[in-house]
Participant: 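Before I ask anything, here is the structure I am working with.
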Amino acid sequence: MTLPATREGARRALFVSDVHLSEAHPATIESFFAFLDRVGGPAGLDGTALEALYILGDLFEYWAGDDDLDEPLNRRIVGALDGLTRRGMAVYLLTGNRDLLLGTGFAGATGVTLLSDPTALEVAG
């Protein structure tokens, strides 16, 4: 997989992993939402818009399956990721050992692209 180029030819991506979202850690949840708002804005994190966000495993502390999409916290997370992808950010997700059951229901609800393990990615040559 190759990250798509911007109009200027630069490729801008951000990688995160092991967020472990859980109702037991509300400060982490709120920090994650603030992070998504910031990276999804027109200026990204450092004044340059990002084109892709890669979530590399364990977004959730525990994911019982896509039938839990309607749980209140999960619904908020789904809504935030859906908003990000609707604003044009490509979001890729590789499941981790805590959220192996993230599947097509989650992907469809969020606009996130699920990655297979392993996935090779070329960034900046």
Side-chain angles (χ1 to χ4, degrees):
M1 169 186 289
T2 301
L3 186 64
T6 64
R7 281 174 245 135
E8 297 82 27
R11 293 179 172 95
R12 301 280 303 177
L14 189 61
F15 298 82
V16 298
S17 70
D18 296 288
V19 181
H20 293 274
L21 296 173
S22 165
E23 289 177 342
H25 301 287
T28 301
I29 293 167
E30 296 312 314
S31 292
F32 182 70
F33 288 136
F35 165 78
L36 291 182
D37 285 343
R38 191 163 173 207
V39 301
L45 283 177
D46 63 357
T48 306
L50 296 170
E51 294 171 351
L53 172 64
Y54 288 82
I55 303 169
L56 304 177
D58 295 337
L59 173 61
F60 294 92
E61 176 63 24
Y62 177 77
W63 185 261
D66 287 354
D67 53 340
D68 281 348
L69 286 169
D70 287 329
E71 293 295 321
L73 173 59
N74 297 344
R75 192 171 37 243
R76 285 184 65 204
I77 294 165
V78 164
L81 290 171
D82 181 56
L84 193 62
T85 60
R86 286 181 185 271
R87 289 192 304 272
M89 173 80 66
V91 179
Y92 300 94
L93 187 140
L94 181 68
T95 61
N97 63 317
R98 300 284 190 160
D99 51 20
L100 280 171
L101 298 177
L102 284 168
T104 57
F106 180 83
T110 60
V112 166
T113 300
L114 295 176
L115 299 174
S116 59
D117 188 11
T119 293
L121 175 66
E122 181 179 328
V123 178

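Values reported hereafter were calculated over all heavy atoms of this structure, with side chains retained and with hydrogens, waters and symmetry mates removed.
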Participant: Report the relative orientation of the aromatic rings in Phe60 and Phe106; use parallel for angles under 30°, tilted for 30 to 60°, perpendicular for over 60°.
Facilitator: perpendicular
Participant: Give a yes or no on whether Leu59 and Val16 share a hydrophobic cluster (residues Ile, Leu, Val, Met, Phe, Trp, Tyr; joining criterion: side-chain heavy atoms under 4.5 Å apart).
Facilitator: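 Yes, Leu59 connects to Val16 through the hydrophobic network.
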Participant: Verify salt bridge (charged side-chain N to carboxylate O under 4.0 Å, His left out) between Arg76 and Glu30, making sure each step is shown before the conclusion.
Facilitator: CA-CA 11 Å; Arg76 285 184 65 204; Glu30 296 312 314; 3.2 Å; yes
Participant: So, for Leu56 and Ser17, which heavy atoms are closest and what is the spacing to 0.1 Å?
Facilitator: O-CB, 3.2 Å
Participant: Going hydrophobic residue to hydrophobic residue with side-chain gaps under 4.5 angstrom, can you get from Trp63 over to Leu73?
Facilitator: yes
Participant: Between Thr119 (side chain) and Leu115 (backbone), is there a donor-acceptor pair under 3.5 Å?
Facilitator: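 Judged by distance alone, no pair lies under 3.5 Å.
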Participant: Using a 3.5 Å distance criterion without hydrogens, assess whether the side chain of Asn74 forms a donor-acceptor pair with backbone atoms of Asp68.
Facilitator: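 Judged by distance alone, yes, a pair lies under 3.5 Å.
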Participant: If I compare all heavy atoms of Leu94 with all of Asp117, which pair ends up nearest, and what's the gap?
Facilitator: CD1-CB, 3.8 Å
Participant: If you round to the nearest 0.5 Å, how far is CD of Glu61 from NE2 of His25?
Facilitator: 6.5 Å
Participant: Between Leu121 and Phe15, is there a side-chain heavy-atom distance shorter than 4.5 Å?
Facilitator: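 Counting from C-beta outward, Phe15 and Leu121 do come under 4.5 Å.
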Participant: Kindly indicate whether the side chain of Val19, heavy atoms from C-beta on, has any atom under 4.5 Å from the side chain of Asp58.
Facilitator: no
Participant: Which heavy-atom pair separates Ile29 from Leu21 by the least distance, and what is that distance?
Facilitator: CA-CD2, 4.0 Å
Participant: Could you grab the distance from atom CG of Leu84 to atom CG of Asp82, nearest 0.5 Å is fine?
Facilitator: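 Separation between the atoms: 9.5 Å.
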Participant: Is any side-chain heavy atom of Asp18 closer than 4.5 Å to a side-chain heavy atom of His20?
Facilitator: yes
Participant: Please find the pair of heavy atoms, one from Thr104 and one from Leu114, that lie closest to each other, and give the distance.
Facilitator: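 What the structure gives for the nearest pair is N-CD1, 4.1 Å.
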Participant: Is atom CZ of Arg75 surrounded by more than 12 heavy atoms (other residues, nucleotides or ligands) closer than 6.0 Å?
Facilitator: yes
Participant: Leu36 and Ala80: which non-hydrogen atoms are nearest, and at how many Å?
Facilitator: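 Smallest interatomic distance, heavy atoms only, reads CD1-CB, 3.8 Å.
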Participant: Please examine the side chains of Leu81 and Leu93, heavy atoms only from C-beta on, and report whether any two atoms are closer than 4.5 Å.
Facilitator: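 Result no, sub-4.5 Å side-chain heavy-atom pair not found.
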Participant: With a 4.5 Å limit on heavy-atom distance, are the side chains of Tyr92 and Val112 in contact?
Facilitator: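 Result no, sub-4.5 Å side-chain heavy-atom pair not found.
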Participant: Give, for atom CZ of Arg98 and atom OG of Ser22, the distance between the pair rounded to the nearest 0.5 Å.
Facilitator: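 OG of Ser22 is found 10.0 Å from CZ of Arg98.
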